Amino acid sequence: MTTRVIIVDDQAMVRAGFAALLAAQSDIDVVGDAPDGAQGVALSRRTHPDVVLMDVRMPEMDGLEAARQLLDPPPGVVHRPKVLMLTTFDVDDYVYEALRAGASGFLLKDAPPADLISAVRVVAAGEALLAPSVTRRLIADFARQRPAPRKDRTALRLNGLTPRETEVLELIARGLSNQEIAESLVLAEQTVKTHIGRVLAKLELRDRAQAVIFAYESGLVSPGAN
């Protein structure tokens with residue numbers, strides 16, 4: 001099955017380079033590109049891509065607002081692509097907000113070509129592109145800048161999880177990979193994946209990135225805790 005992709009970036013050379021690289025893959029079809037968020041949203045509405053590569057910082061409309069419009073569309077718009085944020089910095093305030101909006105992760109612009117290709121495939125498959133090391137840096141940023149956890153319906157939603165599912169969510173939030181979670185809980189990695197799927201479904205979360213944010217905002221995990 002071919003993955004349809006659009007590229008939204010204000011640098012023409014970046015768009016051209018990424019397009020050439022991705023279009024060379026037999027399972028990826030680049031269906032368009034745009035120089036800013038507003039045009040990117042319009043292009044996505046017309047072409048219905050599976051994945052949108054979205055630069056964070058752009059004129060007219062930045063990637064954050066464009067991601068919000070794509071992932072929380074107005075009534076009557078049913079298409080919601082996966083959004084993969086592109087950034088120059090490994091930790092960026094805008095990236096955190098984009099993850100909260102529902103973006104599936106982020107990728108550094110200077111990442112190796114193989115990483116870009118892999119990222120598109122991972123996101124298209126419904127997984128979050130949020131490496132454990134990146135998770136840990138986002139947590140550190142959260143600890144410095146975010147308010148105290150909200151003890152409201154967000155926290156109450158945790159009651160619907162089993163003890164094992166709660167353990168898995170906590171370990172995700174601490175930045176462990178599926179393999180590390182499996183080793184920690186003495187489970188098969190496929191079992192861990194099953195638990196993660198149930199956690200996401202019960203909490204109505206899009207992916208692993210939103211699970212990390214939920215765990216901190218609900219108070220399940222405290223920033224700075226080991």
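In what follows, every heavy atom counts, from backbone to side chain, and hydrogens, waters and symmetry copies are set aside. Note that this is a predicted model, so its numbers are computed, not measured.
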Beyond-backbone contact of [X] with [Y], side-chain heavy atoms, under 4.5 angstrom:
X	Y	answer
Leu53	Leu116	yes
Gln190	Thr194	yes
Leu169	Leu203	yes
Val51	Pro81	no
Arg164	Leu185	yes
Thr87	Lys109	no
Lys193	Glu189	yes
Glu180	Ser184	no

Quick one: do Asp27 and Arg121 satisfy salt bridge (Lys or Arg N to Asp or Glu O under 4.0 Å)? Show the steps, please. CA-CA 9 Å; Asp27 59 336; Arg121 290 170 175 157; 2.9 Å; yes
Which distance, rounded to the nearest 0.5 Å, do you find between the [atom1] of [X] and the [atom2] of [Y]?
X	Y	atom1	atom2	value
Ser104	Met54	OG	CE	12.0 Å
Phe18	Asp33	CZ	CG	12.0 Å
Gln11	Met58	CD	CE	11.0 Å
Asp36	Gln39	CG	CD	4.5 Å
Ile172	Glu167	CD1	CD	12.0 Å
Asp55	Asp9	CG	CG	4.0 Å

Flag, side chain of [X] to backbone of [Y], donor-acceptor distance under 3.5 Å:
X	Y	result
Thr191	Leu187	no
Ser44	Gly40	no
Arg4	Thr47	yes
Glu204	Leu200	no
His79	Pro49	yes

Exercise: identify the closest heavy-atom pair between [X] and [Y]:
X	Y	answer
Gly160	Glu165	O-OE1, 4.4 Å
Val192	Ile181	CG1-CG2, 3.8 Å
Ala67	Val83	CB-CG1, 4.2 Å
Ile28	Leu22	CB-O, 3.6 Å
Gln25	Leu21	NE2-O, 3.2 Å
Val30	Ala19	CG2-O, 3.8 Å

Please report the C-alpha distance between Phe214 and Leu158 in whole Å, then the side-chain angles of each, then the deciding distance to 0.1 Å, and finally whether the side chain to side chain contact (heavy atoms under 4.5 Å, CB included) criterion is met. CA-CA 10 Å; Phe214 178 92; Leu158 286 170; 3.5 Å; yes
Mind running side chain to side chain contact (heavy atoms under 4.5 Å, CB included) on Val52 and Lys82 for me, showing each step along the way? CA-CA 6 Å; Val52 176; Lys82 301 292 194 307; over 6 Å; no
Begin from the C-alpha positions of Asp10 and Arg57 and carry the test salt bridge (Lys or Arg N to Asp or Glu O under 4.0 Å) through to its verdict. CA-CA 8 Å; Asp10 62 336; Arg57 303 176 188 275; over 6 Å; no
Might you work through the side chain to side chain contact (heavy atoms under 4.5 Å, CB included) test for Arg174 and Val221, ending with a clear yes or no? CA-CA 8 Å; Arg174 296 201 186 285; Val221 180; 3.3 Å; yes
For the pair Thr166 and Leu220, evaluate side chain to side chain contact (heavy atoms under 4.5 Å, CB included) and give the outcome as yes or no after the intermediate values. CA-CA 9 Å; Thr166 302; Leu220 175 64; 3.7 Å; yes
